[in-house]
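Beneath this line is the structure, given in structure tokens, with notes to follow.
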Number of protein chains: 2
Amino acid sequence: MRQRLRFPAAMAAAIALMAVSGASASAAPQLAGGVAQASLPPLYAQELDRARAFVGEMMNGGVTVPVPKDPGGGYTHEQHKRNYRAIYLAGQLYRVTGERRYADHVRDLLLAYAELYPTLGEHPARSNQHSGRLFWQVLNDAVWLVYAVQGYAEVRGTLSAAERERIDNRVFRRAANFLSVDSQETFDRIHNHATWATAGVGMTGYLLGDRDLVERALLGSARDGTSGFLRQTELLFSPDGYYAEGPYYQRYALMPFMVFAEAIERNEPQRRVFEHRDGILLKALRTTIQLTYGGYFFPFNDALKDKSLQTEELYHGVAIGYGVTRDPGLLSVARQQDRTILSEDGLLVARDLAAGMAEPFPFRSILLRDGPGGDRGAVAILREGEGPLHTALVAKNSSQGMGHGHFDKLSWQLYDNGHEIVRDYGAARFLNIEAKQGGRYLPENESWAKQTIAHNTLVVDGRSHFGGDAEAAEAVAPQQIYFSAAPGLQVSSARVEGAYPDVAITRTLILANIPGLERTAVLDLVSAESEASHTYDLPLHYLGQIVELGFPVERHLAVRPVLGEGSGYQHVWVDASGTPSADAAAALTWLLGGRFYTYRFATDGNVEAILGESGANDPEFNLRREPMVILRTQRPGGATFATLLESHGLYDGAEEQTIGSRSRVAGMRHLRQNGMDLVRLALQDGREVAIAVSHDPDPAARHRIETDGTTTEWHGFAAVIELSPARS
Amino acid sequence: MRQRLRFPAAMAAAIALMAVSGASASAAPQLAGGVAQASLPPLYAQELDRARAFVGEMMNGGVTVPVPKDPGGGYTHEQHKRNYRAIYLAGQLYRVTGERRYADHVRDLLLAYAELYPTLGEHPARSNQHSGRLFWQVLNDAVWLVYAVQGYAEVRGTLSAAERERIDNRVFRRAANFLSVDSQETFDRIHNHATWATAGVGMTGYLLGDRDLVERALLGSARDGTSGFLRQTELLFSPDGYYAEGPYYQRYALMPFMVFAEAIERNEPQRRVFEHRDGILLKALRTTIQLTYGGYFFPFNDALKDKSLQTEELYHGVAIGYGVTRDPGLLSVARQQDRTILSEDGLLVARDLAAGMAEPFPFRSILLRDGPGGDRGAVAILREGEGPLHTALVAKNSSQGMGHGHFDKLSWQLYDNGHEIVRDYGAARFLNIEAKQGGRYLPENESWAKQTIAHNTLVVDGRSHFGGDAEAAEAVAPQQIYFSAAPGLQVSSARVEGAYPDVAITRTLILANIPGLERTAVLDLVSAESEASHTYDLPLHYLGQIVELGFPVERHLAVRPVLGEGSGYQHVWVDASGTPSADAAAALTWLLGGRFYTYRFATDGNVEAILGESGANDPEFNLRREPMVILRTQRPGGATFATLLESHGLYDGAEEQTIGSRSRVAGMRHLRQNGMDLVRLALQDGREVAIAVSHDPDPAARHRIETDGTTTEWHGFAAVIELSPARS
């Protein structure tokens, strides 16, 4: 028995099992029986120390269960958060150490809640109709229950019958009732808030032996499976385990799924919940991890960029996932986290990690379809190389992702050498910092972070996709046209119609090894089809110091104009702009993290490059100031941008060594013919290379383009062709 | 015998000693005798691998000794640099491994130089009168000799008499002659360039058994000790081992001092060179290390900010220093470097490190007097706490430091929590990046980086100290008035006269534990004495995101003015400015590295705060864009600024935890009375605290200030006094 949450056995019986059950006997309870903590594996011992420190501090502070008053970040809010952590951890500590004081503290806290809870009505700081009892939002009440019921489960058998009854009835039954009956609307949604609610209610059902609560949680209020936890596992994740809101919220959503599933598995193994829908929960866990670079989640949509795998939700997710799968790749994630949980799964993780059983997590190129049916676009991840310095390209061809979605269809990001190279701004928010509007999303989240110009994708006529209307955006999803993870020539191609009334956009991103270039490079083809005349802006948001600019620009040295008046343009300072001639070196080189990056675009002489920086019209200093280059062209009947991002050289200030600071490309031309694209690169060493794209997914089909008397032939969707060799 | 460079024995004899001498027998040569490399300590084995890889690559490339043509960074320049490294390392590899191919490669390279060297005249790319032969600057020729002679020493005994004579006469005697006779002017300077030259010449003298070369090197061309290496050790360092140009150049200067001194010690131990001038060379080594935070050198004056202890010069310095002293603190520096050298000193370092003999290097609060007599000002370092997150305050009260000096008398910096908080811009230069003016100092180094406004010190009437005249600046040095490293109340006070014709500046920086504040705080008192009316600007250069501003400002949202027209002011954009009333919260809070910093100033209502950013009028994108706040007041007859920098709270985006984001100070007042300063802080918790400064160094003297009916009494230079307790 790895968890006290067991249905339908009464807790007394469950507790009696504690000393004799297999896994327990070989694991933590030994500590209670006299085994020194020193014999525990280091990761687990460290977690135990951390929990002892926190709970010890809480116990020293005495039982403090205040009448709810404050919104998020305020005193009563934070105190109730601390309390549920204390209940959860003290319960775990009691199980592991057998020290009665921990059980007593859980009891005392819950008896205080038994006094308070029945007196509560609507929260005084509620800001919408979904008010909680202990917290301003019902979501927080659900989180409270998920933690508290787990702590209670560990100590319930130590209580007197009167105490047990009092806590059962005045706290847990009421809380479960509040979440599932009083808040039925939230409870029956297909939404991550409902996942927390069903998890709390269902686990309470298991603990109290209340079959009704369990069924409501699993199958929804109507008990017919049209809502409830199981339905959520079917509708909230795509078949590839992708969660529509994006990685930041996927991380958050994952925890109640994993925690409740673990409880279901323990109590009703016959449900085979981890096998449900082709193992969707474990898939979602692995997908969550795939959505990272250097441990940090890809920060698209509303996301705090400092969110990494080192987060409570993933400590639970990885430990539970390992308990189910024994996948050694998860151990290396736990090692990177340097954290686990105090459950027996956590102990297993720590033991096997200490035993050297970890293997690298298999980060790889992967297409993650979006939508419950997998037909709402996709996120494409292309990786080249391995380890912390590998290259990763992320193409965001997914659906809007609800209220936290950004207007950035077909946007992309690039990571290389341990850094974010082509970056996403994330959300404009300073979480929990009172002076920054109480830590909520800032006005600039709407006016800048969500707008299209703040992303690496096409803006037409200076307005955001879907006119910045979230509902309109939700109605349309891009289409992933092609995906290939073939080594040395990886491709993602996608198309969106409807972002603008009369413009369809196709983007093909190619991560390729190009002969003569030092490292893998990115070719980006963005094609806008339209019958009308438009202004097209293609921004690239980078980080780093400009080292070289290949063409003349007008510099705004003492007065920087602002780029425009709305749709985020009001936040962009213009540093410089220039329109290189067709034969100029239309390239910008910057330096970041000891490596040079050259961004180059093909031009017919009618593409303006605008160098800008975010931060204009920001009265409260809410924005980060970061550079961008915007390619702009105005033309009738569509436009295509062809750009190359080349990574090269080395700058080592410590060793005073600089190598390869200049691009190896001398010229770049783009030709579009019969719906096919041909990009020709002339390298500094005399070599000529073409990248040809047919846009035809048939790998056997042959294609040809004739240009300047040269015939280029290839087969399949795309190819890299060496046209002429380097000068000897 | 720890080094082949031995005088007056002939090399043949020295080589014969190799197999039998004590240290050698117990160390590296064993490898040649059959001991597996695996038995070497890890740091040394790793260094050996690195050398094998480099030399192997060079050997594969064949002997390439091109006719000198290019300036720094160009092909012939870089090739001759690679060659001297190959000669040096192949010599070391031969000694350690006994593999003949390494000796042969040194021979082949040097025979090629024997062909080339006698044909050389002035370097074609020379840019001043001090042209080299192999390189555009004579300095580089000296560096070449220092490395090459050490490599040659290891293999000279393996050569035929004809080869030896050819290389002796056509390379080393000529190079030594060029440096000491043809370039006598440089050779006899008291300057770091001359240190390299004397080191190369002297070591050549030891190797060739040429007493004349040795004496010239040690005592100067006139052999009277008015110049030469020994005199340099007396005049280039202060009595505390501080080198006037500052840490960046101190690092560079250190290498020839240590390398040549080691050779002197081996060949003429009776000179006791490491005891010379009270052990100045070892003092200089330790001082160089003291001038760092987190391993990085304090970047004042012309300095690349990425320069750390992980640099060739310090690998030599630490290894040689350890060989002489066996100071276990140096071992922890070597551990941080994760590098050493292949000499027997390096082996010793690696062995003792592997044996666990390292102890923490004793970083501490220290006053480093400047100037050969110790009377040219000082650098004061105040440290609080230990380890990588400790707090360090640096007060730059030193002399100008020659041509690489900045106009920043009495400037300061602060490090905390592993970050540079109050920062120094360093130099405007991208070393060796061709597109950035060939990697040389950029125009913005003069127009911005050297100017006073780019530093954390007082600017009068918008002009830099000494009118930006380096010669005038060199003539004047500040005076260190007081220094105390008393725990909890550390003080540096200094004064400069002459930076402006009619303004004397006194600055007192106090790193204090103030009751009621979370962490150690900095109180800064800057006092300008003048009879005339002036505008005073006090800039603070920080890094981070503005979180809160305590007073209303005018924001420049869509057009940012430029601060001024010269002296660096032309490079500052103005984001906002405001003049808080006397009772306002005159404070700015920013967030950096998960910690909050509040900068607060006392005001009578006549201090304007200007929020700015560097980067205006920067046509080539040569500047970093970094924020600053400038306090400005215009008044007759002097002015005093009193500011407090408070570090507080915690922001952990990963844990979604924010604590203490707001300052604990509610108000701050400053009073100046009879030349004494009193700063009164009213804290949020009701407490009142005073920091009183008498400016009287006598620790026994008692002082009092009467204000608002309150009498504050203390003794000594400064005191922190709790006036009234917190509200209960």
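Residue numbers start from 1 in every chain, and the chains themselves are labelled A, B, ... in the order their sequence lines are given, proteins ahead of strands. Predicted, not measured: the structure shown is a model, and the values here were computed from it.
- Residue R624(B) touches chain A through both its backbone and its side chain, counting heavy-atom pairs closer than 4.5 Å.
- For a residue to count as touching a neighbouring chain, one of its non-hydrogen atoms must lie under 4.5 Å from one of that chain's; by this rule F596(B) touches chain A with the side chain only.
- Contact of F297(B) with chain A is not made at all, since no heavy-atom distance falls under 4.5 Å.
- Heavy-atom neighbours of E57(A) CD from other residues, nucleotides or ligands within 6.0 Å: at or below the threshold of 12.
- Below 30°, between 30° and 60°, or above 60°: for H316(A) and Y88(A) the angle between ring planes is between 30° and 60°, a tilted geometry.
- Looking only at heavy-atom pairs under 4.5 Å with chain B, the residue among E548(A), K307(A), Q570(A), E655(A) that has the most is K307(A).
- Only the side chain of E613(A) comes within contact range of chain B, with at least one heavy atom under 4.5 Å from a heavy atom of that chain.
- One distance of note links CD of E420(A) with CG of L592(A); it measures 9.5 Å at 0.5 Å rounding.
- Between chain A and the residues E656(B), H556(B), Q310(B), the most heavy-atom pairs under 4.5 angstrom are made by E656(B).
- Centroid-to-centroid, the aromatic rings of F135(A) and W144(A) stay 6.0 Å apart or farther.
- Only the side chain of R662(A) comes within less than 4.5 Å of a heavy atom of chain B; its backbone N, CA, C and O stay farther away.
- By the 30° and 60° cut-offs, the orientation of the rings of Y252(A) relative to W196(A) is tilted.
- To the nearest 0.5 Å, atom CG of residue L611(B) and atom CG of residue L588(B) are 6.0 Å apart.
- Salt-bridge annotation for E620(B) and K436(B): absent, with no side-chain N of the basic residue lying under 4.0 Å from a carboxylate O of the acidic one.
- Proximity to chain A (any heavy atom under 4.5 Å) is shown, for L309(B), by neither the backbone nor the side chain.
- Residue E78(B): no heavy atom, backbone or side chain, is found under 4.5 Å from chain A.
- Residues V562(A) and W573(A) are in side-chain contact: their nearest non-hydrogen atoms beyond the backbone lie under 4.5 Å apart.
- Looking at R625(A), the atoms closer than 4.5 Å to chain B (heavy atoms on both sides) all sit in the side chain, from C-beta outward.
- Considering only heavy-atom pairs separated by less than 4.5 Å from chain A, the leading option among A558(B), G649(B), S661(B) is A558(B).
- In this structure, the portion of N622(B) lying under 4.5 Å from any heavy atom of chain A is its backbone and not its side chain.
- Other residues, nucleotides and ligands place no more than 12 heavy atoms under 6.0 Å from the CD atom of E434(B).
- Neither the backbone nor the side chain of I659(B) comes within less than 4.5 Å of any heavy atom in chain A.
- When A616(B), S308(B), P561(B), P619(B) are compared by the number of non-hydrogen pairs under 4.5 Å with chain A, P619(B) comes out ahead.
- The OG1 atom of T589(B) lies 8.5 Å from the CG atom of L549(B); values are rounded to the nearest 0.5 Å.
- When heavy atoms are compared at a cutoff of 4.5 Å, H571(B) does not approach chain A at all.
- Contacts of E312(B) with chain A are absent, with no heavy-atom separation under 4.5 Å from either backbone or side chain.
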Fill in: Residues D302(B), Y248(B); criterion side-chain contact (heavy atoms from CB on, under 4.5 Å); working and verdict
CA-CA 7 Å; D302(B) 281 346; Y248(B) 179 78; 5.7 Å; no

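- Per-residue counts of heavy-atom pairs under 4.5 Å with chain A were compared for V559(B), T311(B), L304(B); the largest is that of V559(B).
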